[in-house]
J.: 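What follows is a single structure, and I will ask about it in a moment.
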Amino acid sequence: MKRLYLALRITAFAALIALCLTGQTKKHQYSPREKAFWADKALVDFVSPGLSITINSAAIASNGTITVTYTLSDPNGLPLDASGATTPGAISLAFVAAYIPKGQEQYVAYTTEQATGKVLGTITRPFFELGGTPKSIGSGVYQYTFSAKAPTGFDPTVTTTVAVDGNRDLTSFGLGTNYAGTTFNFVPNGSAVSVTRDVISTSSCNTCHDQLAFHGGYAQGMQMCVLCHTPQNADPVTGNSLDAKVFFHKLHMGSQLPSVIGTATTPGVPYQIIGYMNSVNDFSTVIDPANPQRCEVCHSQTTKATQAKAFLTEPSRAACGACHDDVNFATGVNHPGGFQADDTQCANCHIPQGETPFDASIMGAHVVANDTPATYPQNPDTLISSVVVTITGVTNTNAGQKPVVAYTVKDINGKPIALNDPTLEDLQFTMAGPTTDYGYTSFGSDVTTPGYVGEDGTQGTCDSSGKCTYTFLHAIPAGATGTYAIGVESERLENVLGGTTSAQQVESGTPNQVFYFSVDGSAVAPRRTVVAETNCNQCHVHLTLHGNRRNNPEYCVLCHNPSNTDASQRSSAVVASDKALPAQGINFNLLVHRIHDGVNAALDGNGPKHPYIVVGYGGSHNDFSGTLYPAMSPAGDATYLQNCSMCHVNSTEQNDLPLMANLNQVTDPQGWIIPVQPTSSACSGCHVSKPEAAHFLANTDALGESCTVCHAAGAQFAVDAVHTQ
């Protein structure tokens with residue numbers, strides 16, 4: 001029995017040793033988004049890039065001295081030396097301390113600075129402590145004593161929060177700068193924490209911002225933001241509040257702020273914040289890609305934020321007046337409820353949600369019209385019923401034949417809509433092919449749309465059950481091969497809530513379905529998927545363009561093809577200078593890259609300004625020079641386009657590179673190279689300068705582009721490798 005017991009102990013001990021050894025050899029796995037993923041393995045093993053900050057404890061002594069103990073480590077859990085003397089990379093840190101006063105919901109900072117400006121004079125506002133000297137108390141463990149102190153008589157029973165944010169400089173190793181930050185809640189008298197500030201989760205912000213960071217990387221995530229962006233904070237130069245519930249609302253409203261738009265008699269005023277080193281941060285051109293009416297994009301109910309419903313239950317003059325900044329609550333101007341001396345009456349009228357859209361409830365007042373069927377399903381008779389067109393089949397699909405489309409037209413409740421219904425503004429079928437690459441197929445000498453043909457689906461015929469057919473007037477070209485596509489778009493215009501003060505006209509559109517079919521008996525091969533609508537909607541929520549007609553990239557590429565430009569609209573341009581310029585290329589990869597790269601493209605430093613201006617329907621002037629792509633770098637810089645996966649699926653930015661050489665050349669009359677080869681066109685969407693164009697041209701000859709030599713997967717300058725952070 002003793003021998004058996006001893007054998008079991010030996011076996012268990014051996015298993016424990018094996019487990020420990022396994023844990024010791026298991027290395028942190030870097031993602032392809034990180035430089036370390038592509039770097040030399042020996043270098044990575046030596047440096048162990050990355051930074052982790054763990055706050056172990058914090059305290060406030062009876063004399064008000066605030067301390068925080070924290071650990072610095074690499075991604076493998078090994079301790080780091082903040083000075084960089086014994087481990088690679090010096091680490092710079094910033095510290096914040098704040099508390100939530102009893103009976104209140106927002107923080108008051110212990111760590112402050114004085115700031116002076118012409119509007120507010122000298123004020124005391126929240127700030128970081130930088131450049132202090134932490135004390136090393138162990139391997140990778142440090143204690144920092146704040147310069148700021150809690151005042152005499154401070155309340156030791158309230159929630160107090162400290163934050164430690166920092167960056168590890170590995171630029172000398174070619175591995176960039178690593179950023180990290182964390183917060184720690186405690187009650188100075190040792191009681192359990194029962195009060196927190198958790199209204200919006202960082203994950204909500206990151207659906208669009210990718211990695212929320214500010215202030216040179218010294219502020220990571222909402223938990224850090226709310227420590228300083230409180231009623232205590234303001235810009236003394238402009239007088240603008242930096243309280244989160246005011247500042248965050250206003251900067252997302254940007255160009256839509258009444259104060260920015262102005263009135264017929266009062267010119268608009270730019271919404272600006274004067275920041276570090278007197279930088280002017282002008283948010284007057286911001287257009288929220290999700291539409292700021294969609295409150296739940298930020299105030300998401302799915303992130304498990306503790307106070308996620310606060311925006312529904314605690315309306316206030318400060319929060320509501322941030323967006324509706326033409327309302328004067330003191331006098332009642334522009335407020336149907338009259339003047340309000342305080343916030344106590346707000347929730348009486350502004351309940352969370354009423355029975356119908358466009359009422360005074362918080363959800364109702366912020367309804368985006370084409371969202372109403374989903375938002376108010378309990379009262380469908382008062383709502384727009386939208387339109388859903390479904391292609392059920394296509395026949396007569398051989399080369400030289402005129403396709404016959406079978407389809408249904410219904411509202412969202414499944415009720416058929418007649419093709420002559422006056423609310424049905426438009427129903428168009430668009431045909432293009434082959435799916436290997438659209439753009440240069442002619443559907444007849446009478447077709448002026450490059451590479452595709454659109455026809456009026458309202459001219460079809462329907463039976464009593466709502467099943468319809470439409471026969472194309474134009475045929476599939478004789479000799480066509482491969483797979484072709486027919487897509488659908490439609491728009492409905494309805495009068496809703498008639499006879500009420502909320503009466504209005506509302507547009508809605510059908511989801512753009514694309515139906516594929518073979519024209520020569522070969523297997524059906526849908527067009528390759530490069531980006532996904534779901535990815536677009538991470539930021540845009542409900543992507544709709546050209547009114548409400550177009551909402552699916554799979555459909556967009558039928559028209560936004562390599563041969564298409566805005567030439568058809570240039571002659572009717574409403575801006576005279578647009579008429580004098582060549583047409584603008586609008587191939588999808590060029591268009592989407594260039595739109596999202598708006599500011600960077602327009603302000604390129606390697607040559608003349610190269611704004612991307614498209615003349616649209618009716619000669620409209622669409623200048624994307626002010627577009628601020630909302631994704632952020634780890635240091636908090638906006639317009640950061642290096643995370644291709646925010647739009648691309650399945651690493652198509654890298655994996656599709658070899659097949660790009662077989663695609664159509666792109667018409668780009670305003671580009672440096674006319675026409676431009678397909679790979680160069682895609683890359684020139686962001687890389688707009690003349691020297692970069694020269695690089696494209698130097699690597700193109702009669703045999704085609706040589707991009708894959710340097711940029712293919714596994715090459716020295718692979719696409720994914722050069723887009724790391």
Side-chain angles (χ1 to χ4, degrees), residues 28 30-31 33-36 49-56 58 68-75 80 82 89-98 107 109 111 126-132 134 140 142 144 146 160-171 175-185 196-230 233 242 244 247-248 251 275-276 281 298 300 303-306 630-640 642-643 646 724-725:
H28 171 73
Y30 295 96
S31 79
R33 293 286 305 119
E34 299 174 280
K35 290 183 182 294
L51 174 63
S52 176
I53 302 174
T54 303
I55 297 178
N56 307 315
V68 57
T69 303
Y70 57 93
T71 300
L72 303 176
S73 61
D74 67 21
L80 291 174
I91 300 170
S92 302
L93 296 166
F95 304 88
V96 174
Y107 283 97
T111 49
F127 199 63
F128 307 90
E129 286 193 4
L130 297 161
Y142 295 85
Y144 177 76
F146 283 83
T160 304
T161 303
V162 292
V164 182
D165 279 69
N167 62 74
R168 183 185 178 198
D169 185 1
L170 297 176
T171 53
L175 294 170
T177 302
N178 307 150
Y179 298 86
T182 189
T183 59
F184 182 82
N185 299 328
T196 58
R197 180 70 173 171
D198 184 25
V199 176
I200 294 174
S201 170
T202 303
S203 60
S204 296
C205 307
N206 286 349
T207 58
C208 206
H209 291 297
D210 187 27
Q211 46 195 350
L212 188 69
F214 288 97
H215 305 296
Y218 285 116
Q220 302 279 326
M222 281 295 294
Q223 293 82 2
M224 178 72 175
C225 297
V226 297
L227 298 182
C228 294
H229 287 283
T230 69
N233 205 344
L242 294 176
F247 178 46
F248 296 173
L251 67 86
Y276 181 66
N281 302 277
C298 297
S300 172
T303 60
K304 298 181 180 179
T306 308
M632 293 177 162
S633 75
D637 300 317
T639 69
Y640 185 76
Q642 289 183 223
N643 187 358
M646 287 191 72
T724 55
Q725 60 186 26

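Position 1 is the first residue of the sequence; numbering continues from there. Just the heavy atoms: all of them, side chains too, but no hydrogens, waters or symmetry mates, feed the values below.
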J.: Just by distance, no angles: are the side chains of Ser92 and Asp169 close enough, under 3.5 Å, to form a donor-acceptor pair?
T.: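 No, no side-chain donor-acceptor contact under 3.5 Å.
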J.: Does a side-chain heavy-atom distance below 4.5 Å link Met222 with Cys205?
T.: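 Heavy-atom side-chain distance check passes, below 4.5 Å.
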J.: Can you name the closest pair of heavy atoms from Asp165 and Gly181 and give their distance?
T.: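 Looking at all heavy atoms of both residues, the shortest contact is OD2-CA, 3.5 Å.
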J.: Taking only residues two or more places apart in sequence, or in another chain, which ones meet Phe146 in a ring pair (Phe, Tyr, Trp, His ring centres under 6.0 Å)?
T.: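 In terms of ring pair (Phe, Tyr, Trp, His ring centres under 6.0 Å), with neighbours along the sequence ignored, Phe146 is linked to Tyr144.
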J.: To the nearest 0.5 angstrom, please state how far the CG atom of Asn643 sits from the OG atom of Ser633.
T.: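 Nearest 0.5 Å value for the CG-OG distance: 12.0 Å.
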J.: Is there a side-chain contact between Leu93 and Ile53, using heavy atoms and a 4.5 Å cut-off?
T.: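 Touching, per the 4.5 Å side-chain cut-off.
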J.: Do side-chain atoms of Gln220 reach the backbone of Ala213 as a donor and acceptor pair under 3.5 angstrom?
T.: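 No; zero donor-acceptor contacts below 3.5 Å.
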J.: Would you please name every residue forming a side-chain hydrogen bond (donor to acceptor under 3.5 Å, both in side chains) with Thr182, sequence neighbours left out?
T.: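 Scan of Thr182 (side-chain hydrogen bond (donor to acceptor under 3.5 Å, both in side chains), adjacent residues dropped) gives none.
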J.: Is any side-chain heavy atom of Arg168 closer than 4.5 Å to one of Asp74?
T.: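 When only atoms from C-beta onward are counted, Arg168 and Asp74 do touch, with a gap below 4.5 Å.
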J.: Any chance you could measure Tyr70, atom OH, to Asn56, atom CG, to the nearest 0.5 Å?
T.: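 These two atoms lie 10.5 Å from each other.
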J.: Could you check Thr111 against Phe95 for side-chain contact (heavy atoms from CB on, under 4.5 Å), going step by step and ending with a plain yes or no?
T.: CA-CA 8 Å; Thr111 49; Phe95 304 88; 5.9 Å; no
J.: Which atom names give the shortest non-hydrogen contact between Tyr179 and Gly217, and what distance separates them?
T.: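 Nearest pair, atom of Tyr179 first, then Gly217: CD2-CA, 3.6 Å.
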J.: Rounded to the nearest 0.5 Å, what separates atom CG in Leu175 from atom NZ in Lys35?
T.: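 So the CG of Leu175 and the NZ of Lys35 are separated by 8.0 Å.
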J.: The criterion is side-chain hydrogen bond (donor to acceptor under 3.5 Å, both in side chains); which residues satisfy it with Asn233, sequence neighbours excluded?
T.: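 Partners of Asn233 under the side-chain hydrogen bond (donor to acceptor under 3.5 Å, both in side chains) test: none.
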J.: Going by side-chain contact (heavy atoms from CB on, under 4.5 Å), name the residues that satisfy it together with Gln211, two or more places apart in sequence or in a different chain.
T.: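 Pro634, Tyr640, Gln725.
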J.: Please list, chain by chain and in numerical order, all residues satisfying side-chain contact (heavy atoms from CB on, under 4.5 Å) with Cys208, sequence neighbours excluded.
T.: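 So Cys208 forms a side-chain contact (heavy atoms from CB on, under 4.5 Å) with Pro289, Cys539, Pro630.
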J.: Could you tell me the separation between the CG atom of Leu51 and the CG atom of Asn167, rounded to the nearest 0.5 Å?
T.: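 Separation between the atoms: 8.0 Å.
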J.: Got a sec, which residues hit ring pair (Phe, Tyr, Trp, His ring centres under 6.0 Å) with Phe128, two or more places apart in sequence or on another chain?
T.: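 Here the qualifying residues are His215.
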J.: With sequence neighbours left out, what residues match Ser204 under side-chain contact (heavy atoms from CB on, under 4.5 Å)?
T.: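 In terms of side-chain contact (heavy atoms from CB on, under 4.5 Å), with neighbours along the sequence ignored, Ser204 is linked to Ile200, Ser201, Ser300, Thr303.
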J.: Which atom pair, heavy atoms only, marks the closest approach of Met646 to Ala631?
T.: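 Reported closest heavy-atom pair: SD-CB, 3.7 Å.
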J.: Got Leu242 and His229 here, is their nearest side-chain heavy-atom distance under 4.5 Å?
T.: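 Yes, side chains in contact.
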J.: State, to 0.1 Å, how close Tyr142 and Leu80 come at their nearest heavy-atom pair, and which atoms those are.
T.: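 The pair with the smallest heavy-atom distance is OH-O, 3.6 Å.
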J.: So do the side chains of Phe248 and Cys298 get within less than 4.5 Å of each other, counting heavy atoms only?
T.: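 The answer is no, as the side chains (C-beta and beyond) never meet within the 4.5 Å cut-off.
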J.: At their closest point, which heavy atom of Ala97 faces which heavy atom of Val162, and how far apart are they?
T.: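 So the minimum-distance heavy-atom pair works out to CB-CG1, 4.1 Å.
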J.: Could you give the distance from CG (Asp210) to CZ (Arg33), rounded to the nearest 0.5 Å?
T.: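 Going from CG on Asp210 over to CZ on Arg33, the span is 6.5 Å.
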J.: If the condition is side-chain contact (heavy atoms from CB on, under 4.5 Å), which residues does Asp198 pass it with, not counting sequence neighbours?
T.: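 Applying side-chain contact (heavy atoms from CB on, under 4.5 Å) to Asp198 gives Thr196, Ala305, Thr306, Gln307.
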J.: Sequence neighbours excluded, which residues qualify as side-chain hydrogen bond (donor to acceptor under 3.5 Å, both in side chains) partners of Asn178?
T.: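 Asn178: no side-chain hydrogen bond (donor to acceptor under 3.5 Å, both in side chains) contacts found.
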J.: Could you pull out all residues at least two apart from Thr161 that satisfy side-chain hydrogen bond (donor to acceptor under 3.5 Å, both in side chains)?
T.: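 Scan of Thr161 (side-chain hydrogen bond (donor to acceptor under 3.5 Å, both in side chains), adjacent residues dropped) gives Tyr107, Asn185.
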J.: Using the side-chain contact (heavy atoms from CB on, under 4.5 Å) rule, take Val68 and Phe184 through it: C-alpha gap first, then chi angles, then the decisive distance, then the call.
T.: CA-CA 9 Å; Val68 57; Phe184 182 82; 5.9 Å; no
J.: Go through the structure and list residues passing ring pair (Phe, Tyr, Trp, His ring centres under 6.0 Å) with Tyr218, not counting sequence neighbours.
T.: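 For Tyr218, no residue satisfies ring pair (Phe, Tyr, Trp, His ring centres under 6.0 Å) once neighbours in sequence are set aside.
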J.: Which residues pass the ring pair (Phe, Tyr, Trp, His ring centres under 6.0 Å) test with His209, sequence neighbours left out?
T.: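 Ring pair (Phe, Tyr, Trp, His ring centres under 6.0 Å) list for His209, sorted by chain: empty.
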J.: Any idea which heavy atoms bring Thr183 and Ala163 closest together, and the distance?
T.: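 Reported closest heavy-atom pair: CG2-CB, 3.8 Å.
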